[in-house]
Amino acid sequence: MSEEKSLNFLEEIIEKDISNGLKTIQTRFPPEPNGYLHIGHAKAITVNFSLADKYGGKTNLRFDDTNPVTEETEYVESIKNDIKWLGYNWDAEFYASDYFDTLFEYAVKLINKGLAYVDDSTSEEIAELKGTPTTVGTDSPFRNRSVEENLKLFSEMKEGKYKDGEKVLRAKIDMSSPNMLLRDPIIYRIKHAHHHRTGNKWCLYPMYDFAHGQSDSIENITHSICTLEFVPHRPLYDWFIEKLEIFPSHQYEFARLNLTYTVMSKRKLLQLVNEGFVSGWDDPRMPTISAFRRRGYTPESIHMFCEKIGVARRENLIDVGLLEFCAREDLNKKAARTMVVLDPLKLIITNYDKNSSEILKGENDPANPDDTRDVHFSSELFIEREDFMEIPEKKWFRLAPGKMVRLKNAYIVECENFIKDDAGNLTEIHCRYIPESKSGSDVSGINVKGTIHWVSAKHAVDAEVRLYDRLFTEENIAAAEGHFSDYINPSSLIEVNAKIEPALLNAKVGEHFQFLRKGYFCVDKDSTSQKLVFNRTVTLKDTWVKKSK
RNA sequence: UGGGUUAUGGUGUAACGGCAGCACUACAGAUUUUGAUUCUGUCUGUCUAGGUUCGAAUCCUAGUAACCCAACCA
């Protein structure tokens with residue numbers, strides 16, 4: 001008997017519906033194709049797909065493409081690609097624009113029932129008459145047109161007789177409602193614009209509120225799950241379904257994802273791209289799905305993250321460290337180990353034959369010692385500059401004058417000397433090695449505290465490594481004063497020329513590695529046959545850095 | 001000054017009138033040829049004030065705070 005895992009509020013709703021006789025459930029993921037999917041969408045995708053999956057239902061992909069001026073096919077393709085990459089398979093692929101004919105008929109039905117009217121007022125006049133949250137609105141002078149006149153005008157709107165903004169169709173609800181959305185909302189507006197799917201067929205398009213719920217209904221969506229800012233729309237959602245007498249889909253809302261050190265709104269992301277703060281939608285510092293993919297996050301790590309953050313109705317600000325934890329958790333199992341020196345410092349082994357070299361076994365997977373690769377060893381190596389301290393601080397396990405360390409997969413060395421240039425910069429470390437301390441056959445009897453990574457200087461290959469850090473310096477950007485661009489982290493990207501093992505030359509774009517002691521990295525698409533480019537996905541957890549501060 | 005929504009450790013999320021649990025973080029220790037991983041342990045919480053009850057995070061009353069709503073965006 002295993003412990004029952006507690007249900008989230010949506011699962012509770014669904015189980016109640018099922019116990020009340022609901023046979024199957026149907027959900028949908030409804031992106032607007034006007035931008036790239038981000039990690040917040042990943043949460044919504046996970047919620048919709050996993051709920052349907054758990055209760056034996058299906059999930060549709062439906063593009064909410066009711067605004068032709070902002071929507072593009074490029075976005076449709078990227079969205080589909082990202083959902084597939086996350087590992088989800090939608091049942092049917094729909095577009096709100098598939099329903100434009102039906103929606104138009106629905107509008108006619110509303111007019112016939114005396115529940116919609118054509119308004120000639122200007123945008124400003126409509127806003128003026130709408131009132132404010134604390135004062136009631138006023139009826140439009142066109143509110144009581146006859147059904148016949150409304151029908152005639154509406155079909156003329158469709159025929160293109162009027163210019164943009166000249167007329168709108170409004171639902172006739174209640175101009176004094178405390179819910180602003182119920183004050184005769186606009187349901188159709190004229191836009192003489194080319195639509196990415198319907199071309200120039202239409203010159204008037206339904207608004208969100210007159211498309212979304214009806215689309216849900218047409219697809220027999222049982223649970224229409226959206227974010228909290230749509231709560232005030234729910235009465236309207238229900239009103240249209242009731243008046244139209246169509247399948248009763250129901251809307252449920254959850255709190256959207258917020259991440260520390262991250263902006264999430266499409267508007268701000270678009271601004272980051274357009275104003276050149278990042279190189280594009282898939283710049284690895286962006287919170288988009290395509291950026292996480294490029295940075296080296298796996299679908300599994302994102303699933304784990306979505307699982308861990310849960311779903312509820314309260315505002316939240318998730319520590320981006322949790323996402324990093326999920327990446328490490330997954331990559332630790334998957335990424336082959338390799339030795340890469342990011343900031344090279346020459347180490348010369350004084351008692352090793354200059355003209356000689358040997359091939360050692362490098363561990364690819366600490367959980368499986370038999371999984372090895374060839375690693376070249378010679379008298380001149382590169383080690384990490386930060387692994388040597390001229391005057392070691394207390395509890396320093398790495399190299400320092402007179403100190404010994406293990407070279408991973410190789411020998412123990414003892415530092416005998418170091419050389420500086422005229423400017424006082426370290427240029428070389430001189431060590432002697434202990435021949436009988438060879439990895440795997442160590443009979444030296446010496447125990448050292450520290451192990452460092454290295455590459456053989458004459459075998460090493462140059463590679464570009466992009467060290468990414470968070471894009472912003474402020475934890476809660478929404479709550480911070482000023483503009484979000486005031487908080488851009490100036491060192492969110494540092495490019496270094498690293499020394500890599502030649503074994504890495506076979507690496508494929510997207511392949512994951514752990515650079516020993518440095519972090520998880522993945523091969524970037526900018527790599528060429530001349531030079532590999534690696535992105536740092538995430539650093540390793542480092543308790544030493546924290547302690548020594 | 002209107003309406004809606006939400007309040008549980010530093011951050012998330014459970015507990016549905018009956019021992020406030022889990023995860024991340026932080027801290028301490030063990031192991032370690034990655035100061036990683038793994039393992040063990042520790043700290044930290046029910047928005048406030050009343051009330052109902054043998055018993056309240058949970059029910060009631062009154063406050064407080066945060067977020068959303070006045071695009072021909074979604």
Side-chain angles (χ1 to χ4, degrees), chain A residues 5-8 12 30-32 34 64-67 69-71 96 119 122-123 126-127 130-137 164-165 167-170 177-183 185-191 204-205 207-209 211-212 226-235 253 255 260 266-267 307-319 321-326 328-329 332-333 337 339 363 366-367 395-398 405-410 412 437 439-440 442 447-453 478-479 514-519 539-548:
Chain A
K5 193 174 178 295
S6 56
L7 303 175
N8 66 48
E12 284 185 359
E32 183 189 10
N34 69 345
D64 232 336
D65 56 351
T66 57
N67 186 359
V69 304
T70 57
E71 295 153 5
D119 196 332
T122 64
S123 179
I126 289 174
K130 194 164 233 169
T132 70
T134 51
T135 58
V136 297
D164 287 12
K167 285 181 166 44
V168 292
L169 185 70
R170 293 229 257 168
S177 170
N179 182 342
M180 298 297 288
L181 292 160
L182 261 25
R183 321 249 260 227
I186 293 168
I187 58 180
Y188 263 97
R189 76 293 213 192
I190 297 170
K191 277 182 193 281
L204 79 175
Y205 294 90
M207 297 286 289
Y208 166 84
D209 285 306
H212 197 97
C226 60
T227 47
L228 242 27
E229 63 268 28
F230 291 96
V231 169
H233 292 252
R234 190 176 349 117
E253 312 86 9
T260 56
K266 274 191 204 170
R267 206 194 87 250
E307 171 78 20
K308 283 185 184 297
I309 59 176
V311 54
R313 282 173 69 87
R314 80 183 81 126
E315 289 294 327
N316 59 78
L317 179 62
I318 310 279
D319 187 346
L322 180 62
L323 186 53
E324 294 169 350
F325 165 82
C326 293
R328 291 187 188 108
E329 185 85 349
N332 179 46
K333 293 178 296 196
R337 272 55 173 173
M339 296 195 287
E363 196 178 62
K395 299 195 79 175
W396 178 255
F397 297 165
R398 286 117 90 159
V405 290
R406 156 79 60 187
L407 296 173
K408 176 73 181 176
N409 300 317
I412 291 172
S437 67
S439 281
D442 184 352
N447 257 324
V448 292
K449 270 294 235 226
T451 300
I452 64 173
H453 61 282
Q514 185 194 101
F515 292 180
L516 222 63
R517 308 203 304 131
K518 299 312 297 181
T539 59
L540 256 30
K541 194 172 153 188
D542 189 343
T543 48
W544 170 250
V545 169
K546 274 182 288 198
K547 270 187 200 163
S548 57

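Computed from a prediction, not measured in an experiment: that's the story for all the values here. Protein chains get the first letters and strands the later ones, always in sequence-line order, with residue 1 at the start of each.
- When heavy atoms are screened at a 4.0 angstrom cut-off, H212(A) is found touching no nucleic acid atom at all.
- Comparing the P positions of rC60(B) and rA20(B) gives a spacing of 22 Å, expressed to the nearest Å.
- Of all heavy-atom pairs spanning E315(A) and A255(A), the tightest one is N-CB, 4.3 Å.
- Checking side-chain atoms of S177(A) against main-chain N and O of L182(A) turns up no donor-acceptor pair under 3.5 Å.
- The side chain of I318(A) sits closest to rG12(B) out of rA74(B), rA70(B), rG12(B).
- Rounding to whole angstrom units, CG of residue N316(A) and P of rU11(B) are separated by 12 Å.
- Here, rC67(B) and rG29(B) have their C1' atoms 43 Å apart, quoted to the whole Å.
- Y205(A) comes within 4.0 angstrom of nothing in the nucleic acid, heavy atoms only.
- Taking atom OH of residue Y208(A) and atom P of nucleotide rC69(B), one finds them 14 Å apart after rounding to whole Å.
- As rounded to the nearest Å, rC69(B) and rA74(B) have C1' atoms that lie 15 Å from one another.
- The interatomic distance linking L317(A) (CG) with rA66(B) (P) rounds to 16 Å, in whole Å.
- Cation-pi geometry between K449(A) and F397(A) is met: the NZ or CZ atom falls under 6.0 Å from the ring centre, inside 45° of the normal.
- OP1 or OP2 of rC73(B) has at least one side-chain nitrogen or oxygen of R189(A) nearer than 4.0 Å.
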Taking Watson-Crick and G-U wobble contacts under 3.5 angstrom, with | marking pairs to another strand and [ ] crossing pairs, the secondary structure of RNA chain B is written .((((((..((((....[..)))).(((((.......)))))....(((((..]....))))))))))).....
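- Taking the O4'-C1'-N9-C4 or O4'-C1'-N1-C2 dihedral as appropriate, rA14(B) has a value more than 90° from 0 and is therefore anti.
- Atom CD1 of I309(A) and atom C1' of rG12(B) are 9 Å apart (whole Å).
- Between the side chain of R328(A) and the backbone N or O of N332(A) there is no donor-acceptor pair closer than 3.5 Å.
- Taking all atoms of both residues into account, the shortest heavy-atom contact from V168(A) to I126(A) is CG2-CD1, 3.8 Å.
- Qualifying side chain to side chain contact (heavy atoms under 4.5 Å, CB included) partners for D65(A), counting only residues two or more places apart in sequence or in other chains: P33(A), E71(A), Y95(A), A96(A), S97(A), H195(A), H196(A), R197(A).
- Separating the CD1 atom of I186(A) from the C1' atom of rA74(B) is a distance of 15 Å, rounded to the nearest angstrom.
- T539(A) comes within contact range of no nucleotide atom at all, as no heavy-atom separation falls under 4.0 Å.
- Rounded to an integer number of Å, the gap from N34(A) CG to rC73(B) C1' is 8 Å.
- Between D542(A) and R517(A) there is no salt bridge, since none of the side-chain N atoms of the basic residue sits less than 4.0 Å from a carboxylate O of the acidic one.
- For the P atom pair drawn from rA36(B) and rA49(B), the interatomic distance equals 43 Å after rounding to whole Å.
- To the nearest whole angstrom, the two P atoms, one in rU25(B) and one in rU61(B), are 42 Å apart.
- Distances from the side chain of I126(A) to the nucleotides rG12(B), rC72(B), rC73(B) place rC72(B) closest.
- No more than 12 heavy-atom neighbours from other residues, nucleotides or ligands sit within 6.0 angstrom of CD on E307(A).
- One finds the CG atom of D209(A) at 10.0 Å from the CD1 atom of I187(A) (value rounded to the nearest 0.5 Å).
- Rounded to a whole Å, the NZ atom of K130(A) is 13 Å from the P atom of rC69(B).
- When the C1' atom is compared between rU58(B) and rG21(B), the two are found 15 Å apart, to the nearest whole Å.
- Side-chain atoms of R189(A) never come within 3.5 Å of backbone atoms of D164(A) as a donor-acceptor pair (strictly under, hydrogens ignored).
- Of the side-chain N and O atoms in T66(A), one or more sit less than 4.0 angstrom from OP1 or OP2 of rA74(B).
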Protein-proximity profile, nucleotides 20-40 of chain B, B/S/- by nucleotide at the 4.0 Å heavy-atom cutoff, equals ---SSSS------BBBSS---
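- For the atom pair K408(A) NZ and L516(A) CG, the distance stands at 6.0 Å (nearest 0.5 Å).
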Output one line per pair: protein atom, nucleotide atom from nucleotides 3-9 of chain B, and distance, for all N/O pairs under 3.5 Å.
from, atom 1, to, atom 2, distance (Å)
rU5(B), O3', R313(A), NH2, 3.3
rU6(B), OP1, R313(A), NE, 3.4
rU8(B), O4, R314(A), NH2, 3.4

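- Distance check on atom C1': rU52(B) versus rC59(B) gives 8 Å, rounded to whole Å.
- A distance of about 9 Å separates the P atoms of rU38(B) and rC24(B), rounded to the whole Å.
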Between the protein and nucleotides 42-45 of chain B, list the N/O to N/O atom pairs that are separated by less than 3.5 angstrom.
none

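- Following rounding to the nearest Å, L7(A) (CG) and rU13(B) (P) show an atom-to-atom distance of 16 Å.
- The aromatic rings of Y208(A) and F230(A) sit tilted, their planes meeting at an angle between 30° and 60°.
- Checked against salt bridge (Lys or Arg N to Asp or Glu O under 4.0 Å), D64(A) has no partners two or more places apart in sequence or in another chain.
- Summarising the geometry of D442(A) relative to R406(A), their closest heavy-atom pair is OD2-NH2, 2.7 Å, with the distance given to 0.1 Å.
- Atom CZ of residue R170(A) and atom CZ of residue R183(A) lie 11.0 Å apart, to the nearest 0.5 angstrom.
- Between E253(A) and R234(A) there is a salt bridge, with a side-chain nitrogen of the basic residue lying less than 4.0 Å from a carboxylate oxygen of the acidic one.
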